[in-house]
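The structure under discussion appears below in the form of structure tokens.
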Protein chains: 2
Amino acid sequence: MTESKAVERDPESVSRFVEHFAAQLVEAGLPRMPARVFAALLASDSGALTSAELGEQLRISPAAVSGAVRYLAQVHMLSREREPGSRRERYRVHSDQWYTALTNREAIIKRWENALRDGVAHLGAETPAGRRLSETLAFFEFIEKDVAEMMERWRVYREERFG
Amino acid sequence: MTESKAVERDPESVSRFVEHFAAQLVEAGLPRMPARVFAALLASDSGALTSAELGEQLRISPAAVSGAVRYLAQVHMLSREREPGSRRERYRVHSDQWYTALTNREAIIKRWENALRDGVAHLGAETPAGRRLSETLAFFEFIEKDVAEMMERWRVYREERFG
DNA sequence: CGGCACTTTCAGAAATTTGTGAAGATAAGG
DNA sequence: CCTTATCTTCACAAATTTCTGAAAGTGCCG
């Protein structure tokens with residue numbers, strides 16, 4: 001080590017990580033601003049930042065912060081906290097919260113399942129297309145149950161490894 | 001039943017399903033044209049259609065079909081088949097193929113993991129932010145292993161239910 | 001080889017999405 | 001109450017994405 005102190009938070013280093021990780025999230029389908037805001041929170045020491053801090057660090061307008069935060073709250077990747085005795089709000093990532101959010105394609109999958117059931121009904125369960133749809137549907141139903149169990153296993157594992 | 005015959009493929013009915021299901025896929029982040037093409041294939045009896053058939057059914061230009069197909073092939077949601085003795089190509093959904101494609105966020109997750117490892121290294125494993133990143137990384141590593149096992153269970157289950 | 005039946009590529013028009021500044025709400029503190 | 005700090009909403013400019021028609025490949029078949 002060339003540094004004598006424990007690691008200092010080098011803003012540029014943090015920023016590099018934030019932008020890089022955000023880019024990966026964007027590639028996975030998250031809109032740009034929400035991705036950047038989320039990455040910034042993830043890389044913060046406290047796990048929570050104010051709108052002003054986010055705006056400054058990411059060089060974006062309050063309006064952009066507001067929009068990104070609304071998006072993230074909606075998909076449960078972040079929660080809002082009121083700072084008592086101030087109108088300043090604080091946005092936080094709760095680890096568990098966002099794990100579930102990620103696996104919480106559940107709502108989406110539910111709607112896929114419904115659409116598929118419709119399809120089977122309209123096309124006829126005994127047609128080739130109907131059968132294909134049925135199998136797809138069965139896949140999602142299977143996955144859904146199993147994912148729930150998997151998350152349970154993760155909670156157990158996490159408990160013993162991270163307390 | 002008012003119809004005497006087994007179910008007839010009512011084009012309008014098929015189209016309704018296709019558009020509806022495609023809409024759900026779009027909401028999950030798939031681009032519009034690929035979603036429509038994929039849904040059309042899913043709802044076809046043969047499970048495979050030519051470019052011309054797709055263009056006609058969806059009322060889109062050959063160029064649009066070409067673009068959508070390229071996209072879907074790239075993410076392994078479809079395979080191309082040459083019709084022997086013709087330059088006509090046939091695009092097919094293989095059931096299993098697209099299950100794996102869906103869970104094949106794997107490639108994406110790999111890159112997330114790498115970005116997170118970088119982050120831990122640069123921010124310091126013993127900082128609060130570093131620890132948060134580590135835990136997130138552990139989550140993905142855990143998930144990854146477990147998803148593989150889950151897919152194996154699905155294959156077994158599918159075998160016995162659908163042959 | 002040359003025609004034909006398809007497919008892909010490309011440049012640009014049209015639609016959509018994003019981010020901003022400015023104006024409007026909300027509520028704490030004097 | 002009025003001021004001030006903070007967040008949200010809105011209308012619009014800018015960037016990006018999506019589709020199309022037209023032109024250019026590609027390779028089967030006579």
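Throughout, a chain's letter reflects where its sequence line sits, starting with A, and its residues are numbered from 1.
Residues A/Arg117 and A/Glu141 are paired through a salt bridge, judged by an N-O separation under 4.0 Å between the basic side chain and the carboxylate. One finds a salt bridge joining B/Glu12 and B/Arg16 here, because a Lys/Arg side-chain nitrogen approaches an Asp/Glu carboxylate oxygen to under 4.0 Å. Of the charged side-chain nitrogens involved, at least one lies within less than 4.0 Å of a carboxylate oxygen, so that A/Arg155 and A/Glu152 count as a salt-bridged pair.
One atom, CG of B/Leu58, and another, P of D/dT18, lie 17 Å apart when rounded to the nearest Å. Across the protein-nucleic acid pair, A/Glu81 atom CD and D/dC7 atom P stand 13 Å apart, rounded to whole Å. Atom pair B/Leu54:CG and C/dT8:P shows a separation of 12 Å (rounding to whole Å applied). One atom, CD of B/Glu89, and another, P of D/dC28, lie 12 Å apart when rounded to the nearest Å. Atom CZ of A/Arg36 and atom P of C/dG19 are 8 Å apart (whole Å). Per the geometry, CZ belonging to B/Arg82 stands 9 Å off C1' belonging to D/dT26, to the nearest Å. The distance between atom CZ of B/Arg32 and atom P of C/dA14, rounded to the nearest whole Å, is 18 Å. Taking atom CZ of residue B/Arg59 and atom P of nucleotide D/dT20, one finds them 11 Å apart after rounding to whole Å.
Place B/Gly67 and B/Arg88 on DNA chain C by their nearest nucleotides, and B/Arg88 ends up nearer the 5' end. Mapping A/Ala63 and A/Ser86 onto DNA chain D via the closest heavy atom, the residue that lands nearer the 5' end is A/Ser86.
Nucleic acid contact for A/Ser51: sugar-phosphate only, since backbone atoms but no base atoms lie under 4.0 Å from a heavy atom of the residue. Residue contacts shown for B/Arg80 are limited to sugar-phosphate atoms, with no base heavy atom under 4.0 Å away.
With no hydrogens or angles considered, a side-chain donor-acceptor pair links B/Arg161 and B/Tyr157 at under 3.5 Å.
In this model, the phosphate group of D/dT9 is approached by a side-chain N or O of A/Arg70 to a distance below 4.0 Å at OP1 or OP2.
Distance from the side chain of B/Tyr91 is smallest to C/dT8 among C/dG19, C/dT8, C/dT18. Counting only heavy atoms from C-beta on, A/Met33 has its side chain closest to C/dG19 among D/dC7, C/dT7, C/dG19. Residue B/Arg87 has its side chain nearest to C/dC6 when only D/dT6, C/dC6, D/dT20 are considered. Of the candidate nucleotides C/dT8, C/dG21, D/dC7, C/dG21 has the atom nearest to the side chain of A/Ser61. The A/Ser66 side chain lies nearest to D/dT9 when the options are D/dC19, C/dT18, D/dT9.
Ring planes of B/Phe162 and B/Trp154: tilted class, angle from 30 to 60°.
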